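Below is one structure, written out as structure tokens; comments come after it.
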Amino acid sequence: MELWQQQARESLTCTQTLADRFGLDSDALDRVVARYPMRITPYQLEMIRQADDPLGRQVIPDPLELADDSPLTDPLNEEQLSPVPNLVHRYPHRVLLLVAGSCFSYCRFCTRKRKVGCAQMKITMGEILKGIDYIAGHPEVNEVILSGGDPLTLSDTLLDDILARLSRIPHLQVVRVGSRAPVVLPQRITAGLCALLQRYQPLYFLTHFNHPRELTKETVEACQRLVASGVMVVNQTVLLRGVNDDADTLYRLFHSLFRLQIRPYYLHQMYLTCGTGHFRTRLEEGIAIMAQLRGPLSGLAVPHYIVDLPGGHGKVPVTPDYVQALGDHARLQAADGTLVDYPQR
Ligand SMILES: *Cc1c(COP(=O)(O)O)cnc(C)c1O
Ligand code: SF4
């Protein structure tokens with residue numbers, strides 16, 4: 001067994017141990033975990049100083065999860081957009097293929113928390129093969145996004161098998177792999193894995209840092225191994241109340257990623273998923289943060305702030321209201337906040 005597999009196996013799932021460590025009520029934790037599973041990698045546990053710090057909030061079960069009565073368990077309508085199980089085909093040329101049913105750590109804000117880590121999300125090789133057949137039968141699909149759960153919970157052998165099958169589909173040109181492993185189990189990013197991914201370029205590795213404190217010696221080195229292997233690393237962040245909902249924190253996060261050659265790609269407005277309401281900020285707050293980032297942050301480090309619309313209508317970018325139309329003139333808001341007239345012709 002590889003070291004990372006050993007560590008993944010030692011992840012914390014016992015609420016009593018967690019309660020003792022951080023002075024929490026284990027009965028309250030149990031009630032949450034009965035509905036939404038908990039798992040925290042040993043590495044991530046070491047990084048948490050207090051239950052309510054930006055790292056603790058992301059993975060420690062909170063009774064507020066049960067107090068949220070949003071009716072939407074699948075706000076993105078992924079189940080309806082699945083022509084075959086565990087494949088989501090919403091956009092014409094790219095599909096999402098869910099290849100793993102579990103993650104190294106369970107994020108409390110996960111949009112798939114209805115099923116990630118639960119018995120109903122056991123994904124079989126047979127289902128993955130059906131997904132691959134679907135892609136092979138749809139010549140318009142040129143990109144596949146491997147997601148889950150976390151695809152890197154699979155062994156290198158299985159991952160290699162899946163990528164090899166995909167690479168034999170002539171019309172499929174680009175692979176994207178979404179994984180939080182660099183953040184929560186950096187030991188997973190082995191030299192062997194990097195060599196494997198390198199063989200399937202063009203391959204975009206989409207990771208998920210939410211807070212500058214997640215950039216540690218270990219996680220930075222994991223990302224450097226990926227970057228050095230020639231894999232393009234991009235990052236998505238979820239805007240989370242009480243974790244990263246201020247411009248200074250996000251400035252530090254995005255600038256640090258930029259320095260590491262990791263392009264900040266998306267800043268997601270929190271989804272309407274049941275059990276995540278306590279993390280949601282108002283849209284106006286996200287817009288104000290983006291307006292504050294635009295000047296100080298290198299343009300290469302500014303992500304798109306997006307809302308994934310409920311009902312499966314897709315992602316839309318949300319931008320500060322920079323333009324006021326005034327007939328023959330438009331008035332644009334400059335980075336310093338002043339309004340500047342701009343002739344239309
Ligand atoms: C987000 C998403 C994608 C990828 O969209 P990009 O804008 O290319 O990152 C593809 N399919 C589904 C179903 C998605 O939710
Ligand atoms: S790693 Fe991704 S899929 Fe897994 S729990 Fe976190 S947000 Fe959800």
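If you're wondering where the values come from, they're calculated on a predicted model, not measured in any experiment. As the structure lists them, so they are numbered: ligands from 1, and atoms in each ligand from 1. We use all heavy atoms of the structure for the numbers below, so side chains are in, but hydrogens, waters and symmetry mates are not.
Just one of Val307, Thr276, Asp308 meets the side chain to side chain contact (heavy atoms under 4.5 Å, CB included) condition when paired with Tyr271; it is Asp308.
Only the side chain of Arg176 comes within 4.0 Å of ligand 1, judged by heavy-atom distances.
By heavy-atom distance, the residue among Arg94, Glu78, His93 lying nearest atom 8 (O) of ligand 1 is Arg94. Of the listed options Cys103, Pro37, Cys107, Cys103 places a heavy atom closest to atom 4 (Fe) of ligand 2.
Of the possible polar contacts, one joining the Thr216 side chain to the Thr219 backbone as a donor-acceptor pair under 3.5 Å is found.
Taking distance alone, with nitrogen or oxygen atoms compared against 3.5 Å, Tyr91 stays at or beyond that limit from ligand 1.
Taking every non-hydrogen atom of Ile145 and a distance limit under 4.0 Å, the qualifying atoms of ligand 1 come out as 3 (C), 4 (C), 10 (C). Each of the atoms 6 (P), 7 (O), 9 (O) of ligand 1 lies under 4.0 Å from some heavy atom of Tyr266. Under a 4.0 Å criterion applied to the non-hydrogen atoms of Tyr265, ligand 1 contributes the atoms 6 (P), 7 (O), 8 (O), 9 (O).
The closest protein non-hydrogen atom to atom 8 (Fe) of ligand 2 is Cys110 SG, 2.3 Å.
Using a 4.0 Å threshold on non-hydrogen atoms, atom 2 (Fe) of ligand 2 does not count as touching the protein.
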CA sep, side-chain torsions, deciding dist, call: Tyr91, Leu81, side chain to side chain contact (heavy atoms under 4.5 Å, CB included)
CA-CA 10 Å; Tyr91 299 110; Leu81 293 166; over 6 Å; no
